Every structure is written in C-alpha cells, then in structure tokens.
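Since the structure comes first, as structure tokens, the remarks are kept for the end.
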2 protein chains.
Amino acid sequence: MMTTIGDVARHAGVSRSTVSYALSGKRAISDETRDRIGQAIAELGFTPNAGARALKTAQTMVLGLLLQFHADEFAPAMLQYVLPVSEAARDHGYDILMVTDPHGPEAIRRIANSDMVDGIVLLDVTHADPRLPAIAEVKKPAALIGLPGGAAGVDVFDLDFGEAARMLVDHLQERGHRELVLVSPPYHVVERGGSYVWRFREGAVERAARYGIQIHPYYGESRQPAITTSVNALLDAHPKATALIVHNDATIAALPSILRDRGVRVPDDLSVVSLYSRDFGEEFSLPFTAVESAAGELGRRAVAQLVRRITKSPDAGPSLVRFVPPVLTDRGSTR
Amino acid sequence: MMTTIGDVARHAGVSRSTVSYALSGKRAISDETRDRIGQAIAELGFTPNAGARALKTAQTMVLGLLLQFHADEFAPAMLQYVLPVSEAARDHGYDILMVTDPHGPEAIRRIANSDMVDGIVLLDVTHADPRLPAIAEVKKPAALIGLPGGAAGVDVFDLDFGEAARMLVDHLQERGHRELVLVSPPYHVVERGGSYVWRFREGAVERAARYGIQIHPYYGESRQPAITTSVNALLDAHPKATALIVHNDATIAALPSILRDRGVRVPDDLSVVSLYSRDFGEEFSLPFTAVESAAGELGRRAVAQLVRRITKSPDAGPSLVRFVPPVLTDRGSTR
DNA sequence: CTGAAAGCGCTTACAG
DNA sequence: CTGAAAGCGCTTACAG
C-alpha cells in the first residue's frame with residue numbers, strides 16, 4: 001500500500017541505495033540516473049518513512065515541547081510562547097511533539113526514553129521544577145524557558161525580570177513619582193517557585209529604595225471578581241501613590257475597566273506601567289507603557305540553541321544561561 | 001548507549017521475543033520468567049524504541065493536530081480547543097504532533113506520507129478549506145472541528161451555530177425585546193469561508209423575522225481601536241435597539257469597557273447575549289448570558305472518533321457529521 | 001558512478 | 001511455555 005524506497009528503486013531500475021543517495025545528495029549521481037529516480041518518485045508519490053529513517057539515523061527531527069496549565073491561572077499568555085517555538089522549530093526542520101500531560105516528569109521520561117524526540121523545550125520553568133531531575137536523567141539536549149534555582153545542566157533562557165523592574169522604576173523616578181504600588185502575580189505562583197515573581201519584585205523594591213521612593217508591593221489575583229476587589233483595596237489603602245506597576249497578566253487585562261469604574265484617568269490621575277508581550281497587549285487592547293515580555297525571542301533563541309546542541313557533538317560547550325534584556329515601550333501611560 | 005530489548009533479554013537470560021511478549025501480554029509467560037524480565041527492565045531502565053515499534057506495527061500512536069493562526073485575528077480562544085484535544089489524545093494513549101505551519105496542505109502531506117501520525121485533527125475548518133484535498137489524498141483517518149462546505153469524507157464536529165443563534169433570539173423574544181443588533185465576526189472571516197459566521201447570522205435573522213423582531217446584523221472588528229469605534233457607531237445608529245447579540249470574541253472581550261464609557265448599564269439600559277466558552281468567559285471576566293462554544297466537548301469527541309477510525313477496521317461506517325447542541329447559560333445580562 | 005549487504009530495534013508468525 | 005528467524009523501511013560502510 002505505502003510506497004517504499006524499494007518501489008522507487010524498482011521503478012527507476014536502480015538499487016535502493018542509489019535512491020537513498022539521490023535523496024540525501026551524499027554522493028554523486030549521474031544526471032540520467034537522478035532524472036529517472038526523480039520521475040519514479042513523482043509518479044509513485046514517495047515520501048521516506050520517518051520511523052525507519054529515525055531508526056537508522058537515530059534522529060527523529062522532532063522536538064518535545066512541554067507545557068503545563070495550572071488551574072486558577074491566566075492562560076492566554078501561554079500562546080505567545082508556543083507559537084514562536086513551533087515556528088522556529090519548523091524553520092530548523094523540526095516538528096513539535098506537544099505534551100500537556102500534568103505529570104511532567106513521567107511525560108519527559110516517556111518521550112525521551114522511547115526516543116520520540118531529539119531534544120526538549122520546557123516552558124514556564126520554576127525554581128525547583130520537578131521536571132528538571134527527569135531532564136537530567138534522560139540525557140537528551142534540552143532548553144528551558146524560565147530560570148531554575150540551581151544549575152540545570154542545560155541551556156536556560158529567560159527575560160531579565162530584575163532589570164525589567166529597574167527600568168520601570170527608573171521610568172517613574174525620572175517623571176518625579178515618589179510613591180508606588182506594585183502588583184505581583186498571585187502568591188501561589190511564588191509557592192510554586194515562579195522566580196520571575198521575586199526577581200521582578202526585588203528589582204523594583206531595591207531600585208525604589210535607592211531613590212528613596214516609597215513602594216508598596218502586593219501579590220495580586222488571577223481571577224475576577226477578586227482582581228477588582230484587590231486592586232480597589234490597595235488603591236484605597238495608598239491614596240497618595242501616583243503610579244502603579246503591574247506585573248500580573250490577569251490584573252493588567254482587567255485594569256482599564258477597574259480604573260474607569262473608579263473614575264481614575266491614566267495618566268492624569270494615575271500613572272501605570274506594566275510587563276507584557278506586544279501581542280498580548282494588542283489582544284487585550286492595553287494602552288500602557290510596558291516592558292516587552294519577549295516571548296517570541298525567548299522561544300526562538302531556545303530552539304536555535306537546542307538545535308545546536310542536537311546537531312553539534314554531544315558536548316558543545318558548557319550550558320548557557322541567557323537573560324534577554326528588557327525593552328521598554330512608552331505608550332504614554334505615565335506623566 | 002541506549003538499552004534495547006536485546007539487552008533486557010540477555011540480562012534476563014531469555015529470548016528477545018519472550019521479552020516482547022512479556023511487555024505486550026500477547027501470550028502466556030511463566031511467573032518466574034516474567035519476574036526475571038521485570039527485574040531486568042527495572043535495572044536497565046528499558047523503554048521500547050518508538051520508531052522501531054512504529055516501523056514494525058505501522059502504528060505511531062501519534063495524532064497530528066493542525067492549527068492555523070491568522071494575522072489580524074483574536075487568538076486567545078484557540079487554546080480552548082488545543083488543550084482538550086491534547087488531553088483526550090493522551091487519555092487514549094496518543095501523543096500530539098502539533099503543526100502550526102501556515103502551509104497547511106503541504107504540512108499534511110509531509111506528516112501523513114512520512115507516516116509520522118496515525119490520524120489527523122484539523123482545527124478551524126472553513127467552507128472551502130484548502131487542507132481538505134490534502135486530507136482526502138493522504139488516506140489517513142481525520143477528524144475536523146468546523147464545518148466544511150461539501151462532503152469531506154471524514155468525520156466532522158461542530159457546534160450547531162444556527163441553533164445557538166435561535167436560542168439566543170428566543171431568549172430575548174421571551175423577554176419582550178423587539179429590536180436587536182447583531183455583531184458577527186469580521187467580514188474577512190466570511191471571505192475565508194468561516195461558515196459559523198453565516199450559520200449563526202442566518203439563524204438569528206430568520207428567527208427574528210419569524211417573531212417580527214427587527215434585527216440589524218453587522219460584521220464586527222477584531223482589533224482595537226476599531227472595535228470600540230464600530231460598537232459605538234452601531235449603537236448610535238440604532239438607539240431604539242434594546243438588546244445586543246455578540247458573536248465575536250474580540251468584541252465581547254472589549255464590550256464591558258465600551259459600555260461603561262458610554263454610561264450604558266447591563267441589563268438595565270441594554271441586554272447583552274453572546275457565544276463563548278466557559279473558560280474564555282472566566283479569563284475575560286465576562287458576565288454575559290451566553291451559549292457555550294463547547295470547545296472542550298468538540299475536541300474530546302473529535303479525538304474519540306478519530307481513535308475509533310484508527311483502531312477499527314479501515315471503513316468503520318460512513319463519515320459522520322455531528323453538531324453539538326448549544327447550551328445556554330443565563331448570567332443575568334438580559335432583562 | 002553504482003550495487004549488494006548489513007543492521008537500526010522492534011513484533012510476530014512459525015516451530016517445538 | 002519459549003526460541004530462532006524473518007522483516008518493517010530506511011541508511012551507510014564496503015566493494016567494485
């Protein structure tokens with residue numbers, strides 16, 4: 001039923017190895033033979049069997065992509081990472097095996113030990129990510145998006161959240177703000193080890209302290225109506241604060257409505273800065289000055305480095321930790 | 001380097017076939033032999049090579065999932081389909097090869113002809129979807145989410161958008177509304193063949209006509225600030241309309257802000273009904289009476305049927321077209 | 001420039 | 001209850 005390389009060889013009157021070499025270009029083939037093979041392939045509609053090729057070459061040309069969806073969390077930002085990873089993989093000739101299994105470590109062992117993938121991308125890596133021991137154990141190249149606590153032994157890519165916070169505080173300081181409120185992600189993200197929460201928070205708090213700026217840090221919420229309640233409560237608690245730093249996707253998405261209901265105008269009554277990706281901002285129509293979360297660049301760099309690890313000799317240098325420098329986009333939401 | 005079934009066999013002092021049968025359970029094995037094999041597997045850490053198994057059995061245990069992201073469209077709703085498909089696949093023992101390649105037909109030929117997948121799920125299928133000829137050509141089982149124009153020769157799952165519209169009009173009619181405004185998806189979705197646009201629209205228009213209700217149908221926008229401008233324009237144009245039917249994700253997400261800016265209260269000044277999934281509504285904090293878009297159920301049913309096609313004999317009956325009946329959730333946004 | 005043969009790691013008739 | 005052998009569809013030394 002399926003056309004094999006043997007069918008093509010027979011049809012073209014050559015050996016199977018010649019067809020294989022014609023396909024790979026790994027040795028010289030006479031023009032006439034190449035033409036006959038090309039014609040046979042066109043007539044029969046041949047595509048090499050990926051499993052057989054993988055078995056022989058020990059390369060699947062597939063990357064594993066591990067995502068996790070946490071209940072009670074704001075999912076729409078996830079897509080900003082998945083798409084660039086998928087597109088970058090295709091650009092490098094790889095397909096994506098997407099795994100959403102909540103049992104991350106087991107899923108990693110399964111796809112790695114059965115050799116379904118040549119390498120693995122982990123999204124949303126946490127401080128003590130339970131998937132990291134599995135990654136170390138399976139001996140496949142891997143790239144992480146998100147900063148783990150210790151040395152992971154694999155390549156790590158993340159936004160420089162500390163620097164992002166400092167840039168935003170600087171931006172407000174330059175405009176004369178002396179009292180700020182900071183809304184971080186929900187506290188359960190800290191408990192899960194989402195280090196971007198405290199890296200951003202510490203960056204903001206330290207920078208504010210250096211300037212003698214008062215800053216009131218809070219953990220926000222991820223769902224309505226708690227978001228509205230909490231934002232209102234902390235604005236009430238700090239009536240003299242002139243600026244709000246929002247490091248919380250669900251909160252920034254809800255903020256326009258909340259402020260409108262309070263009759264608060266941005267930037268006249270309150271300055272607002274945040275951290276989100278350009279696409280996310282567009283989808284939610286967010287008009288705030290913000291640091292780009294750089295999901296696309298992180299995804300592309302992680303894939304490029306992973307492919308390098310796969311294709312170069314097993315130990316192509318020590319593992320990398322790369323912080324993408326933040327970029328601030330001024331959308332006029334500060335005064 | 002990698003542990004093979006031969007290593008396990010040697011370690012356990014049995015033949016490779018015995019190990020294989022112990023794993024598959026396809027023939028009786030003495031307790032003692034089974035124990036020795038189990039121990040060997042545990043000590044050596046054996047997982048069968050997926051490529052070799054696929055080559056021999058002609059089954060990859062992988063499903064292809066094809067998504068497309070259209071520029072100038074509202075992406076967050078896509079995740080509501082991807083996740084249930086992925087989870088349902090895992091429940092059936094399958095992994096997901098996710099393909100976001102904008103060249104859909106080529107991507108289908110590639111993953112199907114190289115036998116990377118046992119079946120294919122197509123998301124967001126349109127009236128004259130260019131991917132359908134490729135699906136027909138490759139001779140792999142497939143399941144579509146979204147209704148194609150003609151007979152696809154494969155199983156089709158979609159929400160009954162006509163019925164959804166009729167339910168919403170009924171709901172408004174029962175409450176005495178006599179003049180409605182309908183916001184459909186952007187017109188370019190119609191041009192692309194998104195039949196859910198006109199199925200919903202026709203359902204609403206016909207139902208309204210039957211009741212003698214005036215209805216003003218419009219195509220909406222997918223991005224700000226056009227959304228705000230267009231909603232304001234059509235509310236201005238129909239000051240006597242008492243209810244709004246929104247069949248447009250980007251518009252419904254923006255609606256709370258827009259109405260607040262106009263000083264319009266729901267449902268006192270205006271009744272609003274819509275169509276979206278429960279998760280989507282939660283993420284965007286949407287308080288509107290709506291028909292559930294049933295993304296989860298569609299994904300699960302598509303996968304279940306696809307697996308049936310794969311595992312049962314090649315022709316397990318004629319191809320199906322299944323419309324999931326809409327369910328209305330009253331959130332009190334009508335009066 | 002081309003071919004015959006071995007082998008990647010499995011599964012499964014065939015044989016006992 | 002178990003084993004030896006064939007074969008899935010490729011790639012790549014080896015040989016000419």
Side-chain angles (χ1 to χ4, degrees), chain A residues 1-38 40-41 44-62 93 110-118 311, chain B residues 1-38 40-41 44-62 93 110-118 311:
Chain A
M1 174 194 149
M2 208 196 115
T3 304
T4 72
I5 198 170
D7 300 328
V8 174
R10 202 171 315 116
H11 199 267
V14 297
S15 73
R16 291 174 358 194
S17 52
T18 301
V19 176
S20 179
Y21 283 117
L23 246 37
S24 67
K26 285 191 181 168
R27 77 179 183 193
I29 307 278
S30 73
D31 287 354
E32 195 218 321
T33 304
R34 189 199 318 286
D35 286 350
R36 280 218 311 283
I37 291 172
I41 289 175
L44 302 176
F46 170 67
T47 307
N49 178 286
R53 181 172 271 181
L55 183 56
K56 188 63 197 175
T57 62
Q59 286 220 99
T60 62
M61 300 310 286
V62 174
R110 186 170 55 76
I111 66 171
N113 292 334
S114 64
D115 270 324
M116 299 182 78
V117 299
D118 295 335
T311 51
Chain B
M1 175 192 147
M2 208 195 116
T3 304
T4 72
I5 198 171
D7 300 328
V8 174
R10 202 171 314 115
H11 198 267
V14 297
S15 74
R16 291 175 356 192
S17 52
T18 301
V19 176
S20 179
Y21 282 117
L23 246 37
S24 68
K26 285 190 182 170
R27 78 179 182 193
I29 308 279
S30 73
D31 287 354
E32 195 216 320
T33 303
R34 189 199 317 287
D35 285 351
R36 279 217 312 283
I37 292 172
I41 289 175
L44 300 176
F46 170 67
T47 307
N49 178 285
R53 182 173 271 181
L55 183 57
K56 188 64 199 175
T57 62
Q59 285 221 98
T60 62
M61 301 309 286
V62 174
R110 187 168 55 76
I111 66 171
N113 292 335
S114 65
D115 270 322
M116 297 182 80
V117 298
D118 295 335
T311 52

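Computed from a predicted model, the values in this text were never measured in an experiment. All chains are named by letter (A, B, ...) in the order of the sequence lines, taking the proteins before the strands, and each is independently numbered beginning at 1.
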(request) Starting from the 5' end of DNA chain C, give me the residue, A:T18 or B:Y21, whose nearest nucleotide shows up first. (result) A:T18

(message) For A:T4, is there any backbone N or O sitting under 3.5 Å from a side-chain donor or acceptor partner on A:D7?
(response) yes

(request) Please state whether the phosphate of D:dT11, meaning OP1 or OP2, lies under 4.0 angstrom from any side-chain nitrogen or oxygen of A:R53. (result) yes

(request) Would you indicate which nucleotide in D:dG3, C:dC10, D:dC10 comes nearest to any side-chain atom of A:N49? (result) D:dC10

(message) Only pairs with both distances under 3.5 Å count, Watson-Crick or wobble alike; so what is the partner of C:dA13 in this structure?
(response) none

(message) So, does B:T33 get its side chain near the phosphate of D:dT2, meaning an N or O under 4.0 Å from OP1 or OP2?
(response) yes

(message) I'd like to know if the side chain of B:S20 and the backbone of B:R16 have a donor-acceptor N/O pair within less than 3.5 Å.
(response) no

(request) Nearest whole angstrom, please: distance from the C1' of C:dC10 to the CD1 of B:I37. (result) 15 Å

(message) Tell me the interatomic distance from A:Q59, atom CD, to C:dG9, atom P, rounded to whole angstroms.
(response) 15 Å

(request) Counting heavy atoms from C-beta on, name the nucleotide in C:dC10, D:dG9, D:dG3 closest to the side chain of B:V14. (result) D:dG3

(request) Can you tell me the distance, in whole Å, between the CE atom of A:M2 and the C1' atom of D:dC8? (result) 10 Å

(request) Answer with yes or no whether A:K56 presents, from its side chain, a donor or acceptor under 3.5 Å of a partner atom in the base of C:dG7. (result) yes

(request) Can you tell me the distance, in whole Å, between the CE atom of B:M61 and the P atom of C:dC10? (result) 17 Å

(request) Answer with base, sugar-phosphate or nothing: what part of the nucleic acid does B:T4 contact at a heavy-atom distance below 4.0 Å? (result) sugar-phosphate

(message) Looking at D:dC10, I'd like to know if its phosphate oxygens (OP1 or OP2) sit under 4.0 Å from a side-chain N or O belonging to A:T57.
(response) no

(request) Using atom CG of B:D31 as one end and atom C1' of D:dT2 as the other, report the distance to the nearest whole Å. (result) 15 Å

(request) Please check the phosphate of D:dT11 (OP1 and OP2 only) for any side-chain N or O of A:K26 closer than 4.0 Å. (result) no

(message) Can you tell me the base-pairing partner of C:dA4? Count Watson-Crick or G-U wobble geometry only, both distances below 3.5 Å, and say none if there is no partner.
(response) none

(message) What's the separation between atom CD1 in A:I37 and atom CD1 in A:I29, rounded to the nearest 0.5 Å?
(response) 5.5 Å

(message) Need to verify one output field. Residue with the more 5' nearest nucleotide on DNA chain D, B:A28 or A:P48?
(response) B:A28

(request) Enter the distance from B:S30:OG to B:R36:CZ here, rounded to the nearest 0.5 Å. (result) 7.5 Å

(message) In this structure, how many angstroms lie between the P atom of D:dT11 and the CZ atom of A:R16, rounded?
(response) 10 Å

(message) Output the rounded distance in Å from CD1 (A:I5) to C1' (D:dT12).
(response) 11 Å

(message) What contact category does A:S17 fall into here, base, sugar-phosphate, or nothing, at under 4.0 angstrom with non-hydrogen atoms?
(response) base

(request) Describe the nucleic acid contact of B:S20 in one word from base, sugar-phosphate, nothing, applying a heavy-atom distance below 4.0 Å. (result) base

(request) Between B:R34 and B:A52, name the one whose nearest nucleotide on DNA chain D is closer to the 5' end. (result) B:R34

(request) Kindly determine whether B:I111 and B:V62 satisfy side-chain contact (heavy atoms from CB on, under 4.5 Å), including the steps that lead there. (result) CA-CA 11 Å; B:I111 66 171; B:V62 174; over 6 Å; no

(message) I need the CG-P distance between A:L55 and D:dT11, as an integer number of Å.
(response) 11 Å

